[in-house]
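See structure below.
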Amino acid sequence: MKRLTQEQKARVKEILSQMTLEEKIGQMNQESVSIVGGFDVPFEELIEMMTDGRISNEEFEKILSNAERDFHEEDIRTGRVGSLMVSDPRKCNELQKIAMEESRLGIPLMFGLDVIHGFRTVYPIAIAEAGAFDTDLFERTASMAAKESRTQGVNWHFAPMLDIARDARWGRVSEGPGEDPYLVSAFAGAKIKGLQGDRSSTENYVAACLKHYVAYGACEAGRDYNTTMMPDSMLRNNYLKPFKTAVEAGAATVMASFNDLNGVPCTVNKYTLRDILKGEWEFPGLVVSDANAIRECVAHGIAADEMDAAVQSAEAGLDIDMGTTIYKNKLEEAVANGTLDEAVIDDAVERILSVKMWLGLFDHPYVPEEAMDRYDVLPKEHLDLAREAGARSIVLLKNEGDVLPLKKSQKISLVGALADIREEVVGAWALSWRPEDCVSIRQGFENAGADFEYYPCCGPEGPINEEEVEKAAAYGDVIVAVLGETTSMSGEASSKADITLPGEQTELIKKLVATGKPVVVLLMNGRPLALQKEVEMVPAMVECWHLGIQMGNAVADVVFGDKNPEGRLASTFPQVTGQCPIYYNHMSTGRPGGRSKFTSRYLDVTHEPQFPFGYGLSYTTYAYDNLKVEEAADKLIVSVDVTNSGAVDGTETVQLYMQDVAASLVRPVRELKGFAKAELKAGETKTVTMELAKADMGFYDNDKNYKTEDGLFRIFAGHSSKENLCSEVTVQF
Ligand code: NOJ
């Protein structure tokens with residue numbers, strides 16, 4: 001959010017000066033649609049019943065569709081609601097009309113929603129899309145989501161999620177762009193541009209919401225909502241970096257995370273909210289809590305009761321209460337009895353009004369009638385972009401004997417229940433898609449005109465169907481097995497203590513391999529899996545993630561060679577679960593893992609990952625040569641010759657890493673500092689040049705100082721975090 005004009009600022013101040021305390025607090029209150037009746041148990045219990053299996057998803061949906069809903073019209077009329085979670089243009093307009101015409105000051109509402117990886121057009125989950133290493137793509141998909149959602153009334157996306165995730169046990173690794181601060185920051189900047197950048201019309205942009213601020217991905221033991229503990233240097237060098245980038249890019253809003261950080265829940269964390277975000281970074285936008293988080297401060301044991309939680313949150317700099325009505329019910333009394341200074345409330349409301357002003361809502365509060373059905377039939381450009389993003393996010397993990405690409409004329413047995421469930425392509429946290437838009441892998445193979453027969457055999461849950469295995473063995477010259485996790489096995493509240501292939505799928509691979517036919521495994525999953533055994537068993541394996549509505553077509557594009565795979569892993573894959581957390585940019589130890597016993601290693605498995613960060617094969621090969629590092633006044637200029645040494649054209653992602661060899665704090669063994677795409681015809685060589693600003697070669701110490709220290713640096717350029725050329729350079733800053 002760029003700062004407002006003087007005139008807009010004055011308008012905000014003028015409105016603020018007319019507001020009663022109750023109206024101000026109303027702006028700090030966010031409501032979702034409440035279910036008020038139509039069934040016998042409280043709504044919370046109904047959700048639990050669905051989660052623990054007492055009722056099915058379908059039964060839950062059916063009950064909801066018959067339930068009575070409360071859209072809080074009366075509270076809107078009296079100025080006691082500032083924003084809502086609603087996605088329906090007619091309903092949004094109806095509620096907006098009440099706010100604009102019937103409330104005393106006519107302050108428009110914001111409508112927020114989780115639009116994490118697409119709205120109606122769902123594109124790949126973030127961990128997959130990040131692997132495309134392409135900021136232009138990140139921006140285009142975000143812009144498409146902004147435009148689609150705006151037609152449905154949603155002007156505020158609770159995205160992008162920028163949590164660095166180093167532990168694949170955490171279910172929410174699926175929602176974020178991986179483990180690396182540089183890549184996540186590049187993703188952050190591009191997403192802000194895509195969501196907020198096209199201001200040619202108020203129909204083209206939304207307010208982004210950076211989440212989860214901060215260090216949520218560092219939850220102990222990979223268990224969701226769990227505690228995080230870390231020194232300031234680690235916080236600033238890793239977890240804060242993408243948020244800072246996004247704030248500098250103009251992000252309008254931020255969501256505080258559920259976790260405590262060094263003993264202080266982020267909901268009431270004055271250090272992260274007031275001091276760093278609003279102080280050091282001069283963030284002019286608003287901060288919203290995560291759902292119910294103010295109430296949870298009592299369970300955290302940081303607040304004695306709801307009043308205490310409300311006062312601590314407001315004082316810490318939390319401007320909007322998502323979902324508890326505690327601000328609405330408690331803040332007036334807190335001001336009246338002198339516990340809370342009204343200036344704190346004024347600051348919050350000024351921020352909220354400023355975001356609404358920046359969004360253009362005061363002048364364009366409604367969804368135009370003609371926009372509402374604009375995307376009823378999805379435009380070809382949206383489908384093409386989803387397909388492109390899908391294909392470019394796919395990572396070829398193994399391809400022994402060049403089993404892939406397959407020929408469409410080859411006889412194929414397609415196996416695995418996941419191949420034929422179209423709803424499984426969208427991944428966790430997609431809310432606004434339609435089943436009829438989703439292309440399953442089976443459908444994608446059909447669309448490609450492949451010669452195949454389909455035998456489900458088994459899925460992530462349930463037993464193996466032996467008869468189908470026999471048929472699969474008899475039909476194809478090659479077997480393609482679609483295996484992995486269902487979408488509900490990753491995402492929020494979906495941490496796992498065992499991240500191997502669930503159910504009987506490994507057993508299924510064994511049976512398929514025993515047929516003597518070549519087996520290609522296509523993985524559909526939302527987290528890195530521990531695949532030590534499975535990788536050994538099959539000649540070819542492809543990480544397809546959850547790619548969105550065009551998944552089937554995108555997978556067919558790669559499997560049949562119409563697209564040469566170029567995706568890379570944005571997250572390290574362990575060999576076994578016990579290696580978690582495992583990430584490439586770990587600190588140097590005094591005894592780096594090696595063969596000898598007294599080194600940083602395990603007795604039962606090597607310390608190496610199964611697949612490192614940045615890894616991904618292609619149908620061609622690339623060779624690197626002639627790494628040069630030249631020093632200019634304020635930067636290093638790194639160049640390297642990259643040759644397509646194989647037989648087909650391809651696009652290589654050239655990666656630049658750095659190591660600060662001796663510093664006043666221990667530094668990572670390698671840190672990503674840049675990347676570039678090189679499109680190379682078979683046999684072609686290009687010199688790829690990347691720049692590393694000297695200002696970016698430093699790090700934060702534990703006293704908030706950013707330091708660049710003279711000395712020796714290793715510069716690496718190459719194919720992944722493991723495979724690269726190295727050159728040493730002594731730098732003086
Ligand atoms: C909880 C999740 O942590 C957050 O990511 C989401 O935006 C909110 N709920 C609202 O749905």
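Nothing here was measured: the structure is a model prediction, and the numbers come from that model. Just follow the structure's listing: the first ligand is 1, and inside any ligand the first atom is 1.
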- Query: Side chain, backbone, both or neither: which part of Trp429 comes within less than 4.0 Å of ligand 1 when only heavy atoms are counted?
  - Reply: side chain
- Item | Glu129: side chain to side chain donor-acceptor pair (under 3.5 Å) partners, not counting sequence neighbours | Thr141, Lys191
- Task: Provide the number and element of each atom of ligand 1 under 4.0 Å from a heavy atom of Phe158.
- Result: 7 (O)
- For residues Gln27 and Asn29, is any side-chain donor paired with an opposing acceptor at under 3.5 Å? no
- Note on the structure: Atoms of ligand 1 under 4.0 Å from any heavy atom of His212, numbered from 1 in the order shown, are 3 (O), 4 (C), 5 (O)
- Message: Please list, in number order, the atoms of ligand 1 under 4.0 Å from a heavy atom of Met322.
- Response: 10 (C)
- Message: Test of understanding: given a 4.0 Å heavy-atom threshold, classify the contact between Glu492 and ligand 1 as side chain, backbone, both, or neither.
- Response: side chain
- Asp319 (side chain) donor-acceptor with Val287 (main chain) under 3.5 angstrom: yes
- May I ask you to establish whether Arg120 and Tyr375 are in a cation-pi arrangement, using a distance under 6.0 Å from NZ or CZ to the six-membered ring centre and at most 45° from the ring axis? no
- Item | Backbone or side-chain N or O of Asp114 under 3.5 Å from ligand 1 N or O | yes
- Would you call Arg274 and Glu315 a salt bridge, using N to O less than 4.0 angstrom? no
- Task: Output every pair passing salt bridge (Lys or Arg N to Asp or Glu O under 4.0 Å) with a member in residues 110-119, not counting sequence neighbours, ordered by first then second residue.
- Result: Asp114-Lys211
- Message: Using a 4.0 Å cutoff against the non-hydrogen atoms of Asp290, which atoms of ligand 1 qualify?
- Response: 1 (C), 2 (C), 3 (O), 4 (C), 6 (C), 8 (C), 9 (N)
- Task: Would you kindly check if the NZ (Lys) or CZ (Arg) of Lys241 is within the cone defined by 45 degrees around the ring axis of Tyr182 and under 6.0 Å from the six-membered ring centre?
- Result: no
- Hey, is Gln30 touching ligand 1 through its side chain, its backbone, both or neither, going by heavy atoms under 4.0 Å? neither
- Query: Within the structure, does Lys211 bring an N/O atom to less than 3.5 angstrom of an N/O atom in ligand 1?
  - Reply: yes
